[in-house]
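Lettering of chains follows the sequences in order, A, B, ..., and the numbering in each one begins at 1.
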There are 2 protein chains.
Amino acid sequence: MAELQLQSPGRQPTIRDVAELAGVATSTVSRALSNPGRVNHVTRERIEEAAAQLNYIPSSQARGLSSGRTQTVAVLVPDITNPFYFDIIRGAQHQLKAAGYTQLLVDTEESAEMEADALQKMRRSADGFILAASRLTDAQLAEAAAQQPLVTINRAPAIAPTVVIDTPSAIIQALEHLVSLGHTRICFVGGPATSWSNAKRWQAFQEETTERKLTTFSVGPFAPKTTSGAAAADAAVHTGATACIVFNDLLAIGMLQRLRERGIRVPDDMSIVGCDDIFGADFCNPPLTTMASPIEQAGRVAVSMLLSRLNPQYGGTSRRLAVMPTHLTVRASTGAAPS
Amino acid sequence: MAELQLQSPGRQPTIRDVAELAGVATSTVSRALSNPGRVNHVTRERIEEAAAQLNYIPSSQARGLSSGRTQTVAVLVPDITNPFYFDIIRGAQHQLKAAGYTQLLVDTEESAEMEADALQKMRRSADGFILAASRLTDAQLAEAAAQQPLVTINRAPAIAPTVVIDTPSAIIQALEHLVSLGHTRICFVGGPATSWSNAKRWQAFQEETTERKLTTFSVGPFAPKTTSGAAAADAAVHTGATACIVFNDLLAIGMLQRLRERGIRVPDDMSIVGCDDIFGADFCNPPLTTMASPIEQAGRVAVSMLLSRLNPQYGGTSRRLAVMPTHLTVRASTGAAPS
DNA sequence: ACAAGGATGACAAGCGATTGCCAAAAATTG
DNA sequence: CAATTTTTGGCAATCGCTTGTCATCCTTGT
């Protein structure tokens, strides 16, 4: 006589319970649920019914154990509270969910060490990684990329597949805008030294200003937070520039506050251009001229690139590089140069 | 002769590899790593060395399989891009990380259905849930709470352990503030109908205004987004009130923008009080008077409550209710009533 | 020096699913 | 109607780790 397993009340139903209820073997249940073609139509329906009746959900742990996959992707961002990442996170989540994956969000607190650590520790629990604005060195990144599938956002495409937001081209637009307003003394307010985006922006700034023969200054590095804005504003003012291109909006908004405190009018005395068009850029005072791009889409594309790598069978053309277009959004923080 | 397992290059080291290298049984390795007291000191060191040498990380999947636990907690928020949740997310993440747990972030998109769905689907993959500003009905919530450990944030404490942010008391402070500025016609701008916080805030507003014999109005419900601010502002203006207490800052900031567009001066013509003191409340125009509270701490406390439930052995006094203090932060969006 | 008690670590049975292999059943063909 | 092919579904091994059981060895106390 088969031993009747007494189902304790709190226990989760297993594949065995389903098999028993449907009167088939567990392997048949497994196949019916994950490989429908392999099982008779009516049997499958019976199994599905039994599963529904028991409210059965397969254990992703057990499933992963044999397959070695977790159906999970980790998304690493330097600072969860930086609004720039919201849309990346949300875009990634959408795309992952659609593909049946789960998102693991990790805040690396702007630290390369924490980032490397998370990458190691989660090696087993995630099938792949999305690194937004990684703070790793090229060497660290290359090592990580060799160990596990990953896609970076805003990072040199040489090392791993990447989605880059084309702010350098927006910087050119921004300079054009400032020049057309009569500015000739322009200051670049730099972000974190370990940020690749910052390097690219600075590079674009330098090239374009040299070509246009503008007088330039640079200050920084500053942490990408509003609280760093005060120091940044003071430093920028000290250079004597009449306009600033700022590493990102967080910093730019902080500068706006400080300039107001000091009685320096924006844009009358000083024009400010931010970068990223984050939440808040439209309602700060004055509203910030900034460089906008489809950030949520960047998150989505990054996930697509990763998934096509993880599942080559479905994957289309697994590109190594996607570039998100950027455009300048002019608001009230830029104006004619003081005469 | 023992068969020598050939280690394929990409394979992850298993407990077996460690055991072999250290010259002990796998069970010893397991105990050495997770139950140190049970294993000889020097053996343990040898094992740890072997593990480090192989760069061994235990598979959380396999570990969870036998224990039935995942060391994972899911955090459900209605809208990832609402800055109010940032600090909750971050607080939760900190606390979870400290306890060796992993955070699964889920955006339920303001939908009770998605929330219930996530709760079901992730039953097996999370040990517990944190529900921030749940949109579930009481019945749904009770059902979910019966099935799995969960802690809510800003929700009736009767059903499940809860962390509430004491905005009702702040509403009283806000009313006092407005009254002292000479306002007598005050409008409550409501948030989502399914939001428990909204109900509580409305209730506190009603009680206090009745007691003070103020003339009140209410408009809403509005979605808690800046884009709903225009409609909210128009409706509020239409009531003839001279001051508004607004469900949350997002909505309040949206109203500020609309009022400015319409040439209605804040605070000269209309005072606005928001709620939550989110990112942006300090730099919008004018800076928003709002009710602040230690949100990050709320996230941390919620996690503590959940973990003490999951691990009763460590857990202190597993409280069912924690109340976060709130205070009014006066900025420039409130002023004397128009005469 | 010997018995009692403790500490240690090996063995093996699961945990819940997947999957290769193969037998039974059904469908097709000559 | 028998022979052959195809479909279907059961058995059992396996994934990596935990843990109960138990033999062995080392301490102690007398």
Side-chain angles (χ1 to χ4, degrees), chain A residues 2-3 5 7-8 10-48 50-51 54-72 100 123-125 127, chain B residues 2-3 5 7-8 10-48 50-51 54-72 100 123-125 127:
Chain A
E3 190 177 6
Q5 183 93 3
Q7 177 161 341
S8 72
R11 211 174 57 80
Q12 299 287 355
T14 73
I15 199 171
R16 213 124 45 200
D17 301 319
V18 178
E20 197 175 321
L21 183 60
V24 298
T26 59
S27 55
T28 307
V29 176
S30 172
R31 272 188 273 265
L33 263 34
S34 51
N35 198 355
R38 262 309 254 106
V39 158
N40 181 291
H41 179 65
V42 2
T43 309
R44 174 157 57 89
E45 284 201 341
R46 191 149 40 90
I47 291 174
E48 276 166 359
L54 292 174
N55 193 17
Y56 166 74
I57 305 258
S59 148
S60 48
Q61 311 219 91
R63 187 182 293 219
L65 190 50
S66 31
S67 70
R69 321 196 64 185
T70 58
Q71 296 295 108
T72 289
R123 205 177 7 141
R124 300 291 288 270
S125 31
D127 293 345
Chain B
E3 191 177 5
Q5 183 92 6
Q7 175 162 342
S8 70
R11 212 173 54 81
Q12 299 287 357
T14 74
I15 199 173
R16 214 125 42 203
D17 302 319
V18 178
E20 197 175 320
L21 183 59
V24 298
T26 59
S27 55
T28 307
V29 176
S30 172
R31 272 190 270 265
L33 261 34
S34 54
N35 197 355
R38 239 353 225 94
V39 159
N40 181 292
H41 179 66
V42 359
T43 310
R44 174 156 57 89
E45 286 202 338
R46 191 149 39 94
I47 291 174
E48 277 165 357
L54 293 174
N55 193 16
Y56 166 75
I57 305 259
S59 147
S60 48
Q61 310 219 93
R63 184 179 291 203
L65 191 50
S66 33
S67 71
R69 320 196 63 184
T70 58
Q71 298 294 109
T72 289
R123 206 174 10 138
R124 302 289 289 268
S125 30
D127 293 343

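Straight-line distance from the CZ atom of B:R16 to the C1' atom of D:dT18: 13 Å, rounded to whole Å. Here C:dA17 presents its C1' atom at 15 Å from CD1 of A:I57, a figure rounded to the nearest Å. Between the CD atom of A:Q12 and the P atom of C:dG16 there is a distance of 10 Å, rounded to whole Å. For the pair A:Q71 CD and D:dC15 P, the interatomic distance rounds to 20 Å; values are reported in whole Å. The separation between A:H41 atom NE2 and C:dA26 atom P is 18 Å, rounded to whole Å. Note: CD1 (B:I15) to C1' (D:dT14) measures 17 Å, nearest angstrom.
Taking OG of A:S60 as the start and CG of A:L65 as the end, the distance is 11.5 Å to the nearest 0.5 Å. Summarising the geometry, atom CG belonging to B:L54 is positioned 12.0 Å from atom CD1 belonging to B:I15; distances are rounded to the nearest 0.5 Å.
When heavy atoms are screened at a 4.0 angstrom cut-off, A:T14 is found touching the sugar-phosphate backbone but no base atom.
Qualifying salt bridge (charged side-chain N to carboxylate O under 4.0 Å, His left out) partners for B:R123, counting only residues two or more places apart in sequence or in other chains: none. Annotation: salt bridge (charged side-chain N to carboxylate O under 4.0 Å, His left out) contacts of A:R124 (sequence neighbours excluded): none. Partners of B:N40 under the side chain to side chain donor-acceptor pair (under 3.5 Å) rule, at least two apart in sequence or in another chain, do not exist in this structure.
Taking the screw axis at each terminus of the helix from C:dA1-D:dT30 to C:dG30-D:dC1 from five consecutive base pairs, the angle between the two is 30° to within rounding of 10 degrees.
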What N/O pairs connect the protein and nucleotides 9-13 of chain C at under 3.5 Å? Give each pair on its own line.
| unit_1 | atom_1 | unit_2 | atom_2 | d |
| --- | --- | --- | --- | --- |
| C:dG9 | OP1 | B:T43 | OG1 | 2.7 |
| C:dG9 | OP2 | B:N40 | N | 3.0 |
| C:dG9 | O6 | B:R38 | NH2 | 2.8 |
| C:dA10 | OP2 | B:A25 | N | 2.6 |
| C:dA10 | OP2 | B:T28 | OG1 | 2.7 |
| C:dA10 | N7 | B:S27 | OG | 3.4 |
| C:dA10 | N6 | B:R31 | NH2 | 2.6 |
| C:dC11 | N4 | B:S27 | OG | 3.2 |

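At a non-hydrogen distance threshold of 4.0 Å, B:L65, B:S66 from residues 58-70 of chain B come into contact with DNA chain C.
Listed for the B:T70 side chain is a donor-acceptor partner under 3.5 Å among the backbone atoms of B:S125. A distance-only check finds a donor-acceptor pair linking the side chain of A:R46 to the backbone of A:A22 [under 3.5 Å]. At distances below 3.5 Å, at least one donor-acceptor pair connects side-chain atoms of B:S34 with backbone N or O atoms of B:S30.
Only one option out of B:T43, B:L21, B:V18, B:D17 pairs with B:V29 in a side chain to side chain contact (heavy atoms under 4.5 Å, CB included); it is B:V18.
Ion pairing between a basic and an acidic side chain is recognised when a charged N comes within 4.0 Å of a carboxylate O; A:R44 and A:E48 show such pairing.
In terms of heavy atoms, B:T14 sits closest to B:Y56 at C-CE1, 3.5 Å.
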